[in-house]
Amino acid sequence: FTNPDSLIAFAEKNSSAIKTGDAQALLAEYQTLYAKINKFNPRASVNYAATDNTQLPVNFFPAEVFGGTPGTFKEVQSGQQYVQSVYITPQIDVINSANWEKLKSARLNEQLASVSNKLIQKTLSESIAAAYFNIVSFQQQISITSKTLLHADSILQIFQNKFEQGIIRSQDVNNAKVNKLIIKDRLQQIQNAMEQQYNLLKLLCDADAATIIEIEHKENATLQQPVISLNTLSVTQSQLQLQYAKSEYKANKAAYYPALSLIGNWAWQENSTQHFFDNNARWIPTSYIGLRLSYTFPDAGRLSQTATAKANWQIAEMNVKHKTTQQETENVQLYLEFKKAKEIMVVAEEIKFLKEDTYRKNLNLFVQNIYPADNLFLAFNDALIATLNYQSAVINLQYQLFKININ
């Protein structure tokens, strides 16, 4: 990858965090669809029953109907042995305030999922950019330190030559060797740190261990003063959370209201004295339609849910105020960090120039045998540190600008 944008694009295709956010957004869309259907809560039950009346019921009829004595009754078994019934009972809510409010909540949750997904992308992008520019910084530090190691080896040769000439002490040669070993160790530490950042990148990109990621950064030609646009994602998220909490509270309150439903019933019954599915028997239809007004008395669970929803609404209100202030501060901080990074780079560049100039002059004096060896090592290390600090400052400035672009 030659720039952080290409790396972020790669990560977004593989990141489990992004995929999870996409799945949650898709789930929110489905929940909105289900809430639209549930607004009228259409439902129906279909029942079939087949009854074999092994012993028919006995009824008492006035005996005089059958020519008997008035005032007496006659036992008569009545009914059909084989009875089949089919019932279809549909119901649609005409007025259900709770379900209407739930639809509002679902739509708000859909928007909330979209904003939350963007925040996930923002956080991931910032983390990847930080690792990317850390690697670029380490690469350049490795390049500088490797060259310095070669220079330290040349200095060691100079010290050994002067020792053989009897100009300096053996302690000075030892110090030159120690100086070379310190630089070699510094180089190894930087390489290890860079490897850690590569492993972090793999983790952020959800790439497997066998994947090889290489960074070959191409410098930006110019680093212009950025225009800070207000990032309102966090505030938008908190506002949507407030609206969602308020809607959930209203939905819980609306559950206390009665619901009006349109109901119907279509039934068919077949009676036979012979067997089920008797071709000689007739299916007898019955039906009705009407309105049903239903009310459920609130129980402890419903009261608890309503109280919880109200508390969540109040918490969301306070969170909006906090997020607004926090977001404003973070936006200002972005500009301040860029400004600070630019100032540090300017100062670091000047220090680098001065330290390198001092070291070159001290080296010339040492070669002429008019400058102490101990002081030369101090100047040598000061020049190296100043060069590394300057290079880090340049990369940090690029990172701060990219971070602003992400926001």
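- A salt bridge does not link Lys321 to Glu317: none of the charged side-chain nitrogens sits closer than 4.0 Å to a carboxylate oxygen.
- Between the side chains of Glu356 and Thr387, at least one donor N or O lies within less than 3.5 Å of an accepting N or O.
- Summarising the geometry, atom OG1 belonging to Thr296 is positioned 15.0 Å from atom OH belonging to Tyr257; distances are rounded to the nearest 0.5 Å.
- Atom CD1 of Ile385 is separated from atom OG of Ser392 by 11.5 Å, given to the nearest 0.5 angstrom.
- A salt bridge links Glu101 to Lys104: at least one charged side-chain nitrogen sits closer than 4.0 Å to a carboxylate oxygen.
- Between Asp299 and Arg302, no side-chain nitrogen of the basic residue sits less than 4.0 Å from a carboxylate oxygen of the acidic one, so the salt-bridge criterion is not met.
- Judged by a 6.0 Å distance limit and a 45° cone about the ring axis, Lys162 is positioned over the six-membered ring of Phe366.
- Panel note: side chain Ser272, backbone His275; a donor-acceptor pair is recorded below 3.5 Å.
- Listed by chain and number, the residues in a side chain to side chain contact (heavy atoms under 4.5 Å, CB included) with Asp5 are Asn3, Phe402 (sequence neighbours excluded).
- Between Thr89 and Asn265, the side chains place no donor N or O within less than 3.5 Å of an acceptor N or O (distance only, hydrogens not considered).
- Using a 4.5 Å cut-off on side-chain heavy atoms (C-beta onward), Arg292 and Leu260 make no contact.
- Summarising the geometry, atom CG belonging to Leu397 is positioned 12.0 Å from atom CD belonging to Glu337; distances are rounded to the nearest 0.5 Å.
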